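Working notes, beginning with the structure itself.
As the structure is a prediction and not an experimental result, all values here were calculated from the model. Residue numbering restarts at 1 for every chain, and letters A, B, ... go by the order of the sequence lines.
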Amino acid sequence: MAYDHRAVEGRWQAYWERHRTFRAERRPGRPKYYVLDMFPYPSGSGLHVGHPEGYTATDIVARYKRMRGFDVLHPMGWDAFGLPAEQYAIQTGTHPQITTEKNIGVFRRQLKSLGFAYDWDREVNTTAPDYVRWTQWIFLKLFHRGLAFQSEIPVNWCPALGTVLANEEVIDGRSERGGHPVVRQPLRQWQLRITAYADRLANDLDGLDWPETKQKQRDWIGRSEGALVRFPVKGSEAVLEVFTTRPDTLYGATYMVIAPDHPRTLELTTDAQREAVSAYVDAAKRKSDLERTTNKEKTGVFTGAHAIHPLTGAEIPIYTADYVLGAYGTGAIMAVPAHDERDFEFARKFGLPIVEVVSPDGTPRDRLDAAFTGDGVNVRSGLLDGLPTEQAKAKMLDHLEAEGIGRRQVSYKLRDWVFSRQRYWGEPIPIYFPVKTSGDPRRGDPHEIDYSKPIPLEEDELPLQLPELEDYRPGDPAGALTKALEWRFFQKDGQWFARETNTMPQWAGSCWYYLRYLDPRNTEEIFSEKSYDDWMPVDLYVGGSEHAVLHLLYARFWHKVLYDCGVVKHSEPFQKLVHQGMILGMVYRWYAVVDGDGKVLRALPGDDEDVVADKEHGGQILRSSGERVETRYLVEKEIQVRDGKPFHPEHGVLLVPVAEKMSKARGNVVNPDDMVHEFGADSLRVYEMFMGPLEQVKPWQTSGIQGCRRFLDKVDAVARRAADVAAADETERLVHRTVKKVTEDVEALRLNTAVSALMILVNHLAGLERVPRSAVERLVLCLSPFAPHLAEELWVEIQGQRADDPKLQADPAITIANQPWPTWDEALCVDEVVTVPVQVNGKVRGRVELHREADEATAREAALADEAVQKATAGKTVRKVVYVPGRILNLIVG
RNA sequence: GCCGAAGUGGCGGAAUGGCAGACGCAGCGGAUUCAAAAUCCGCCGAGGCAACCCCUCGUGUGAGUUCGAGUCUCACCUUCGGCACCA
């Protein structure tokens, strides 16, 4: 009964490869469609079932569009720079290039085994010299426009990884990859001036068809409007500038705070306070981001200095405190404790005055129990008194500008992008510096590198390739490449130079890969203008939401720079964006009561309500006894089933099935290779689409893929019964409705309901005495984007030919991939006679058969003829009739 | 704390404001079989009823709008994702 998926899938994958069926070509007069997947990092563990989810969705769209007559560009490549290959190199001495090649081989084989319609001739690899060349070329564009610059700034240094990380790569004070602690440390860095594009990056989101990611990016950019206000420092020429979004509260400023890492902090400090402030500044420097974020208790030290309030002339003290960040705004604030929670807390702790200047109802109060941060009416505010917040802000801004005390200012949370990494496996930065030396720095002779004079490589010197290294270990804050002396130092016109030893972050290659697909073998240009006009912009981009602010923000930034350089012609690269939801693995939960050494004392069922979170120490405890509890999991093959319920095989406690992120530690990882082997690629594809809405998080169930396999077997069986008989009216109507439904669902990426529509049609056809060939043909066409191998096979078989016929396999034209998509007749999609439910007072009491456009009188008459309706309306008067033809008849009686 | 998304059978999920639970999984009953697997047919939200019928309840909780609410409005609860001393 079951078809031989291994034979079928092997045959058609070979066919597509032999004939290059999915080569992307422009043909005159055809519309184009560029459908893009986020390309993978080829890790050593291979594909997991999350990858094929988005890839299948785009593949269905690509195949569908092709059948609709579009020229389709659907490429794939490798984001191959990255830490794991390098860590493996450190452990084994294998060059990352070799590991990377090997992993790419595995990924490519796995993707091909899923039958994706990629144009493999356009494969790109971010580590290939031919690709690196253009990444560096773009870097030079940035450099020449002043958008790439060096600075000595406190950066996120991750000692465990031996590199700095971008702000976007640090989560809760830990590295995004690996979860290692991150500390702030000043280092010479390359940065990209993404802040210069902050406004455009925020504003241009408006025109994009993107999900909630737009809001995330707006939040990350964090634009806020306010004022820059100048506070003179008492007894000094110095002026302290602050940024505030609440200029209306200026009269309430009772002290100031300067960040400990502000360059002028020690300068302001009086001699008497110098020792205390220095100690505080040093301590703040040593604090990791993790400590800063977990301990929010306010700390700070008085600098001894005072500022003059620019409006009242009052002297207010200047503190330093680490709740003010050196990197945001001006690194100093005016503190308004009455109207800012943080300032309120600090003022309470240090006994500083709290003066209300905005009152919710306009009545001044003397005591405040908490900061009032909302809008209200100004009090105790001189010229602002009686004004509501919005007007008070505007008036104060005008006043500040008129008096020359301050001005309007926009501030962003977004920081410039720290673009250098101290690792080996990345693109070298194509910059070098003059060196002062009396000997040969390659032999370790004394030398001095003048980092203030960066010299860019010429375009024709690209690519600058990585040197061979014996030791890939990171740790040198100047970068792992410092060890490649022969590579690093060189002579030109008798003068010594040193190459930049930092490399680019992994994001560099993925910032522009979608452009290289246009013309991947071009050795003269990054891509030809014609190839750009042929395919850009990307019509549909699908990938994980974990890239919502990282990759997607960086890529948009580079694209805009290239736009300004005249390299690209659109201001945005990705018109429509969709994030596929993560696929979770099933595990079975139980609780273990453990002692101090982690030994299991006894087991508890997975739904035990006595288990609660331990708020003091983290983890979980028993509410009744306070004993420590750990959550443990079993995987499906370890459990014991009794009466249809899962139990622990040793402890015998009831298990609770839960969906968790797939991880090696939990043992709930599903390998697509196993699924392809056992059920076939088509079954995997159909199941991943059938699981639920594309964007949603979904738990994997192996029994589910089995159901999809049954569906495909049924299609196979039905198709083989195809005969030359006319389709009955009912069948023909269902076929039309199915074609319509599948078409509309694919267009809207509702792939789960498209599959279910196909199931309904197959179930219908399977129940027929004789199966009309015309119906099967359209079924197979609609199925082909979802299950392309089986569809190819059946497409030739239902025409009475043998799929394994070598002559047929040699013919590039027989593929179903180039067949026109079936059409439907709208008139056949609506039924003439429909069953209309009859409600009495909103409750369904009967059903009547009516023409879909029957008038109200007819409907009412038919309804009142129904026995059940008569019973429900007996002895009552019909007061009102609500009738929607073809949908509902509601009789209101009383 | 702030922003965003979501709560529907045993499970995944479906429903232009109009018969809640399509389709699939699991389960139950039957056919086939020496038997099993596979396959095919039927049942499958909860409660009531001797009973097909039928009746009542039912889409996180509580209000509201409406002839009619899973769907719209407000408040709340829970879960997930993101951000988090951003002045």
Side-chain angles (χ1 to χ4, degrees), chain A residues 1-2 171-172 211-216 218-220 222-224 226 242-246 249 257 259 292-293 295-298 321-325 327-336 339-343 345-346 373 411-415 545-546 548-549 579 581-582 586 643-645 657 659 686-687 690-693 695-708 710-711 713-714 717 750 752-760 762-763 766-767 835-847 868 871 879-884 886-893:
Chain A
M1 207 57 194
I171 292 158
D172 293 338
E212 71 286 1
T213 304
K214 286 210 274 197
Q215 196 50 46
K216 284 188 192 167
R218 279 197 198 99
D219 292 346
W220 189 263
R223 181 194 153 95
S224 51
V242 303
F243 173 73
T244 176
T245 54
R246 293 294 301 273
T249 63
V257 182
R292 270 184 85 123
T293 44
N295 183 8
K296 293 197 175 170
E297 177 79 5
K298 299 279 176 294
D322 67 2
Y323 82 89
V324 171
L325 307 173
Y328 181 76
T330 63
I333 61 153
M334 64 174 203
V336 184
H339 305 293
D340 181 286
E341 280 164 22
R342 296 151 300 178
D343 297 342
E345 246 180 79
F346 190 87
T373 58
S411 191
Y412 300 93
K413 265 170 71 179
L414 184 71
R415 320 276 169 80
S545 61
E546 66 273 22
V549 282
H579 296 304
M582 207 188 326
M586 289 305 293
D643 302 331
K645 286 183 177 144
V686 169
Y687 173 56
F690 184 62
M691 287 172 87
E695 299 86 344
Q696 199 166 301
V697 178
K698 300 163 285 268
W700 176 273
Q701 286 172 326
T702 301
S703 57
I705 189 174
Q706 230 145 7
C708 290
R710 274 201 278 273
F711 158 64
D713 281 333
K714 214 183 248 186
R750 290 186 301 254
N752 53 330
T753 49
V755 172
S756 97
L758 291 168
M759 287 174 168
I760 291 167
V762 173
N763 287 344
T835 305
V836 176
V838 180
Q839 297 180 337
V840 178
N841 286 347
K843 292 197 171 174
V844 180
R845 298 296 177 183
R847 291 166 185 85
K871 212 171 108 190
R879 305 214 179 273
K880 188 175 171 186
V881 178
V882 179
Y883 177 57
V884 184
R887 309 290 319 190
I888 198 89
L889 176 66
N890 192 3
L891 304 174
I892 313 304
V893 300

query: Any donor and acceptor pair, going by atom type alone, linking the side chain of A:Asn752 with main-chain N or O of A:Met691 inside 3.5 Å?
result: no
query: How far, in whole Å, is B:U79 from B:C72 if one measures between their P atoms?
result: 23 Å
query: If you measure from OG on A:Ser545 to CE on A:Met582, what distance do you get to the nearest 0.5 Å?
result: 7.0 Å
- prompt: B:C72 pairs with which nucleotide, Watson-Crick or G-U wobble, both distances below 3.5 Å?
  reply: B:G64
statement: With B for base contact, S for sugar-phosphate-only contact and - for none (protein heavy atoms under 4.0 Å), nucleotides 10-20 of chain B reads -SBSS-B-BB-
statement: Sorted by position of nearest nucleotide on RNA chain B, 5' first, the leading residue of A:Lys216 and A:Glu345 is A:Lys216
message: For B:G1, give the paired nucleotide (Watson-Crick: N1-N3 plus N6-O4 or O6-N4; G-U: N1-O2 and O6-N3; both under 3.5 Å), or none.
response: B:C83
- prompt: In Watson-Crick or G-U wobble terms, both distances under 3.5 Å, what is the partner of B:C11?
  reply: B:G24
- request: Grab the CG-P distance between A:Asp713 and B:G24 for me, whole Å please.
  value: 14 Å
field: B:C11 to B:A5 separation - P atoms, rounded to the nearest Å
entry: 26 Å
query: Heavy-atom count around A:Glu341 CD within 6.0 Å, excluding the residue itself: above 12?
result: no
- request: Determine the minimum heavy-atom distance between A:Ala259 and A:Leu325, stating which atoms define it.
  value: CB-C, 3.8 Å
- request: Work out which heavy atom in A:Ala335 is nearest to a heavy atom in A:Tyr323; give both atom names and the distance.
  value: CB-OH, 4.5 Å
field: For the student: nearest non-hydrogen atoms of A:Ala2 and A:Asp713, plus distance
entry: CA-OD1, 3.4 Å
query: What is the distance from CE of A:Met582 to C1' of B:G81, rounded to the nearest Å?
result: 9 Å
query: Counting side-chain heavy atoms from C-beta on, which of B:A87, B:C23, B:G4 comes nearest to A:Ser756?
result: B:C23
message: Return the pairing partner of B:C40 with a 3.5 Å limit on both distances, Watson-Crick or G-U wobble; otherwise return none.
response: B:G30
message: Distance alone, cut at 3.5 Å: any donor-acceptor contact between the side chains of A:Asn763 and A:Lys714?
response: yes
query: If we take the P atom in both B:G62 and B:C55, what is their distance in whole Å?
result: 25 Å
Pairwise C1' distance, B:G4 and B:C57 [rounded to whole Å]: 35 Å
task: Name the closest nucleotide to the A:Lys880 side chain, picking from B:C67, B:C85, B:A87.
output: B:C67
- request: Go ahead and name the base partner of B:G17; Watson-Crick or wobble counts if both distances stay under 3.5 Å, otherwise write none.
  value: none
Value in whole Å for how far the P atom of B:G4 lies from CZ of A:Arg218: 12 Å
- prompt: Taking for each residue the nucleotide of RNA chain B bearing the nearest heavy atom, is the 5' side occupied by A:Gln706 or by A:Asp343?
  reply: A:Gln706
Closest to side chain of A:Arg845, choosing from B:A87, B:A26, B:U56: B:U56
- prompt: Using a cut-off of less than 4.0 Å, is there contact between a side-chain N or O of A:Arg710 and OP1 or OP2 of B:C23?
  reply: no
message: What's the separation between atom CG in A:Asn841 and atom NZ in A:Lys880, rounded to the nearest 0.5 Å?
response: 11.5 Å
query: Distance between the P atoms of B:U33 and B:C28, in whole angstroms?
result: 23 Å
field: Cation-pi geometry met for A:Lys298 and A:Phe346 (6.0 Å, 45°)
entry: no
- prompt: Contact class for A:Gly707 vs. all strands (heavy atom < 4.0 Å): base, sugar-phosphate, or nothing?
  reply: sugar-phosphate
task: Specify the separation, in whole Å, of atom CD of A:Glu212 and atom C1' of B:C80.
output: 12 Å
field: P gap between B:G10 and B:A46, integer Å
entry: 7 Å
- prompt: Taking atom C1' in both B:G13 and B:A26, what distance in whole Å separates the two?
  reply: 14 Å
statement: What one should report as the nearest heavy-atom pair of A:Asp343 and A:Met334 is OD2-O, 4.1 Å
message: Using a 4.0 Å heavy-atom cut-off, does A:Ile333 contact any base of the nucleic acid, only the sugar-phosphate backbone, or nothing at all?
response: base
- prompt: When you compare B:G45 with B:U32, how far apart are their C1' atoms, in angstrom units rounded to a whole number?
  reply: 32 Å
task: Measure the distance from CG on A:Asp219 to P on B:G81 and round it to the nearest whole Å.
output: 18 Å
- prompt: Rounded to the nearest Å, what distance is computed from the NZ atom of residue A:Lys714 to the P atom of nucleotide B:C41?
  reply: 6 Å
Length of the CD-P vector between A:Glu341 and B:A84, whole Å: 18 Å
message: So for A:Lys298 and B:C85, does any side-chain atom that can act as donor or acceptor lie under 3.5 Å from a complementary atom in the base?
response: yes
Base partner of B:A46, which must satisfy Watson-Crick or wobble distances under 3.5 Å: B:U56
query: Syn versus anti for B:G64, judged by chi lying within 90° of 0?
result: anti
statement: Between CH2 of A:Trp220 and P of B:G4 the distance, given in whole Å, is 18 Å
- request: Measure from the side chain of A:Ile760, starting at C-beta and using heavy atoms only, and say which of B:A87, B:C40, B:A22 lies closest.
  value: B:A22
